[in-house]
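So the structure is just underneath, and the comments pick up after that.
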Amino acid sequence: MAARSGPRATGSDGSDFQHREKVASHYKMSASLKNKIKKLIYAHLVIWLLIAAQMCVSHFKLVSKDLVAMPYQWEYPYLLSIIPSLFGLFSFPRNNISYLVISMISMGLFSIAPLIYGTLEMFPMAQQLYRHGKAYRFIFGFSAISVMYLLMVVAVQVHGWQIYYSKKLLDSWFTNTQEKKKK
């Protein structure tokens, strides 16, 4: 590696860097997208742990029902949403396209579908809270409907961005494999 100080090589004015190899853009994009997806997976893990903790606390009756509400039906299938994230993580080390496709498809089945069902399941209670100001389930003094809808909004955004970045990563990997096959 060249020294920062000292004499410069004769015949060089420092503008001869154009010939050096550069990292191909799809490799840079792949590394960047993997990093973004990992961050989203960690955010999903936090959401998943919050829901799992709420379910464990309420089922094992660790605190009173007034403090933590019983889980809604949509929360049980949502616990399976950790599986697509694991497939996504397993696809990264060797750029495994099939694992990434499985992750994207199962994300819709195990993550987005329970969230849609949960929105529909909780809507009558949310309507009652809005119209009459009555809430019957609470999580640490807050209306369970409000807390769960807030959690669902964040979860939908996390899963939406995760699917979007996974699609871009899949396109990047697919382009790379097509270029290798042409050679």
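All heavy atoms count here, side chains included; hydrogens, waters and symmetry mates do not.
Criterion: ILVMFWY side-chain heavy atoms under 4.5 Å apart, direct or through other members. Under it, Ile163 and Tyr78 are not part of a common hydrophobic cluster. Tyr165 and Met29 fall within a single hydrophobic cluster, where Ile, Leu, Val, Met, Phe, Trp and Tyr side chains are chained together by heavy-atom contacts under 4.5 Å. Trp161 and Val153 are members of different hydrophobic clusters when ILVMFWY side chains are connected at heavy-atom separations under 4.5 Å. A single hydrophobic cluster is not seen to contain both Phe110 and Met107; linkage of ILVMFWY side chains at heavy-atom distances under 4.5 Å, directly or through other members, places them apart. Each of Leu150 and Leu115 belongs to its own hydrophobic cluster when Ile, Leu, Val, Met, Phe, Trp and Tyr are linked at side-chain heavy-atom distances under 4.5 angstrom.
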Sequence neighbours excluded and cut-off under 3.5 Å, please list the side-chain donor-acceptor pairs for residues 46-63, or say none.
from, atom 1, to, atom 2, distance (Å)
Trp48, NE1, Leu79, O, 2.7
Gln54, NE2, Ala69, O, 3.0
Ser58, OG, Gln54, O, 3.0
Ser58, OG, Met55, O, 3.1
His59, NE2, Tyr76, OH, 2.6

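Of all heavy-atom pairs spanning Leu100 and Ser166, the tightest one is CD2-O, 3.6 Å. Contact detail for Leu109 and Ala113: the closest heavy-atom pair is O-CB, 3.4 Å.
Side-chain contact between Thr119 and Tyr149 is present, with heavy atoms from C-beta onward closer than 4.5 Å. Within the 4.5 Å cutoff, no side-chain heavy atoms of Pro84 are placed close to those of His159. Proximity of Phe90 to Asn96: side-chain heavy atoms (C-beta onward) are nowhere separated by under 4.5 Å. Contact of the Tyr72 side chain with the Met125 side chain is registered, since non-hydrogen atoms from C-beta on lie closer than 4.5 Å. Looking at heavy atoms from C-beta onward, Gln162 lies in side-chain contact with Ile41 at the 4.5 angstrom threshold. Using a 4.5 Å cut-off on side-chain heavy atoms (C-beta onward), Ser30 and Trp173 make contact.
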Note to self: Pair Ile37, Phe92 - check side-chain contact (heavy atoms from CB on, under 4.5 Å), show working.
What the structure shows: CA-CA 10 Å; Ile37 294 171; Phe92 292 159; 3.4 Å; yes
Next item on the list: For Ile97 and Ser91, run side-chain contact (heavy atoms from CB on, under 4.5 Å): C-alpha distance rounded to whole Å, both residues' side-chain angles, the deciding distance at 0.1 Å, then the answer.
Entry: CA-CA 7 Å; Ile97 291 175; Ser91 72; over 6 Å; no
Next item on the list: Verify side-chain contact (heavy atoms from CB on, under 4.5 Å) between Met148 and Arg137, making sure each step is shown before the conclusion.
Entry: CA-CA 11 Å; Met148 295 313 280; Arg137 292 183 178 190; over 6 Å; no
Margin query: Applying side-chain contact (heavy atoms from CB on, under 4.5 Å) to Gln128 and Phe123, what does each step give before you reach the verdict?
Written below: CA-CA 9 Å; Gln128 182 180 14; Phe123 183 74; over 6 Å; no
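Applying the salt bridge (Lys or Arg N to Asp or Glu O under 4.0 Å) rule to Lys167 yields the partners Asp171; only residues at least two apart in sequence or on another chain are considered. Applying the side-chain hydrogen bond (donor to acceptor under 3.5 Å, both in side chains) rule to Gln73 yields the partners Tyr117; only residues at least two apart in sequence or on another chain are considered.
Taking NZ of Lys36 as the start and OH of Tyr164 as the end, the distance is 8.5 Å to the nearest 0.5 Å. Here CH2 of Trp74 is found 8.5 Å from CD of Glu121. Values are rounded to the nearest 0.5 Å. With values rounded to the nearest 0.5 angstrom, Ser103 atom OG is found 11.0 Å from Ile83 atom CD1. Atom-to-atom distance recorded for Ser81:OG and Leu86:CG is 10.0 Å, nearest 0.5 angstrom. The OG atom of Ser85 sits 11.0 Å away from the OH atom of Tyr42 when rounded to the nearest 0.5 Å. Summarising the geometry, atom CG belonging to Asn95 is positioned 8.0 Å from atom OG belonging to Ser172; distances are rounded to the nearest 0.5 Å.
Under a cut-off of 6.0 angstrom, the local environment of OH in Tyr99 is sparse, with at most 12 non-hydrogen atoms contributed by other residues, nucleotides or ligands. The number of heavy-atom neighbours closer than 6.0 Å to CZ of Phe138, taken from other residues, nucleotides and ligands shown, is above 12.
For Ser64 and Asp66, the side-chain atoms include no donor-acceptor pair closer than 3.5 Å.
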